[in-house]
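Report on the following structure.
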Amino acid sequence: MKNFKQLDLVDEIISLDDQRRSTQTNMDNIAAEANSAAKQIGDFMRNGKKEEAEVLKAKTGTWKEDIKNFGEQLGAIEEALQQKLVLLPNLPHHTVPVGLTPDDNEIVLEHGDKPVLADNAMPHWELAAKYNLIDFELGVKITGAGFPVYKNKGAKLQRALINYFIDEAEKAGYSEVVVPLLVNEASGFGTGQLPDKEGQMYFVGLDNLFLIPTAEVPITNLYRDVILKADEVPVKNCGYTPCFRREAGSYGAHVRGLNRLHQFDKVEIVQVEHPDKSYETLEKMSLHVQGLLQKLGLPYRVLRLCGGDMGFASALTYDMETWSAAQQRWLEVSSVSNFETFQSNRLKLRFRNAEGKTQLAHTLNGSALALPRIVATLLENNQTENGIKVPEVLVPYTKFDWIN
RNA sequence: GGAGAGGUGUCUGAGUGGUCGAAAGAGCACGCCUGGAAAGUGUGUAUACGCCAAAAGUGUAUCGAGGGUUCGAAUCCCUCCCUCUCCGCCA
């Protein structure tokens, strides 16, 4: 169960839906009468039967009135219904653990050995300063806290990771897209950020646009109001974007360095899938993310989020965390979710099924991967007396194998 | 930012008050034709919601969005949004 305590809400929704249906039936019946009368009037006029036409015309007044009234009622009911419907979180998958806090998350697996560091090992923010990789103060000057400036090999490492992740995603069959970083309200609604997480996004008031908190928003919204042909499913996209999050109210020791930023880089994978295959696909996406972590040589664990810790829109979420050896804690670096029809219902994203009928598709997405905490653990876990060893898979991208 | 043009189905594109959910063509699907294909030919080809146990069927709505005029609107009027062209500015 998600942390959902409004069971009355469901009853209200059902009752509103009943009202909606009966009101529409009434309105449709009257409209049908009025329409056929209008046709008859047309006939009469053409055949010169003016009196008959006038008689019929006189009767249309009350219909018009009734249609208008029912229409207003229907509009009000639909609006009320929509307002309630939007408050309904997604239904958790049956494998989602019951629970309210992160402590109730299920540890699915743990992979790799936690490195044992020397006594004088440093957390990544000290390493970043020592090797002149990241300048947090400079970011404060030009923007504010949480907007770091990457320099030298730190900057190169960012680009290397982005390109590496994109290449790996393409190898796995995802086709790359470059998308807008500002989205409109409809897009925010489509993927479920609005109205739920309004305060999480930066808002450009002058133009009524939101800075994206994740590439999920623009990429998934590519398929808003789309009916896919049967052979176009699944859709597999990947994309790199910076992500912007206000992170209002989260301050303290756990947000030092790269642990929590207002702007960060991420490669996202997104799929639009047939409902019968979406959970199989979720596992594959999880394996793709795990593969990246393995190739980077990072110890990680996979969590199955409990109902209370899961997002509003998700039916099942896996979080991947890497072990940050200097901080001695797990850092979330990816979140892979199946939204089933929650997003597609809002997006009106459908496909044509075997019977040729339109059906809501399932949407999924995952970080593959989010950079800052990957950088943090890479720096910390790979530190030696001689500098920081770059993972082999990245060397073709960085063109250097040591940071020193 | 200034001036103009325009938004119709998967696409092109006709339609200036009734017989228009919408001509025609293209595309697509299925059939015929063919040794096979092309060509040709025939049929079909929007979405949502409602009624119905369901299918069949049927009702309503939708020609950018919202409102108005009218017995009746793709067509007339108003407001808004968007796109394109030219000029200006500019990576």
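This structure is a prediction, so every number in the text was calculated from the model and none was measured. Letters A, B, ... mirror the listed sequences (proteins, then strands); counts begin at 1.
The distance between atom CG of A/N35 and atom C1' of B/A61, rounded to the nearest whole Å, is 10 Å. Distance CD (A/E232) to C1' (B/C28): 12 Å, rounded to an integer number of Å. To the nearest angstrom, P of B/A61 lies 13 Å from CD of A/E33. One atom, NZ of A/K39, and another, C1' of B/G59, lie 11 Å apart when rounded to the nearest Å. The separation between A/K357 atom NZ and B/A55 atom P is 6 Å, rounded to whole Å. Taking atom CD of A/E355 as the reference point, atom P of B/A54 lies 17 Å away to the nearest angstrom. Rounded to a whole Å, the CG atom of A/N26 is 13 Å from the C1' atom of B/G59. Atom P of nucleotide B/G66 and atom CD of A/E72 are separated by 15 Å, given to the nearest angstrom.
Rounded to the nearest 0.5 angstrom, A/Q271 CD and A/C238 SG are separated by 10.5 Å. Annotation: the span from A/N386 atom CG to A/I403 atom CD1 amounts to 13.5 Å, rounded to 0.5 Å. Residue A/Y164 holds its OH atom at 9.5 Å from CG of A/L369, rounded to the nearest 0.5 Å.
Remark: A/R346 is positioned above the aromatic ring of A/F189, its terminal NZ or CZ atom under 6.0 angstrom from the ring centre and at most 45 degrees off the axis.
Residue-level contact check: A/I41 touches the bases, meaning some heavy atom is under 4.0 Å from a base atom. As judged by a 4.0 angstrom heavy-atom cut-off over every strand, A/A32 is placed among residues touching the sugar-phosphate backbone only.
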Its contact letters, B for base, S for sugar-phosphate only and - for none at protein heavy atoms under 4.0 Å, make nucleotides 43-51 of chain B read ---SSSBSS
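Among residues two or more places apart in sequence or in another chain, the ring pair (Phe, Tyr, Trp, His ring centres under 6.0 Å) test is passed with A/W323 by A/W330.
Between the side chains of A/T214 and A/K266, at least one donor-acceptor pair of N or O atoms lies under 3.5 Å.
Each of A/N29 and A/K57 lies near RNA chain B, and the nucleotide nearest A/N29 is the one positioned closer to the 5' end.
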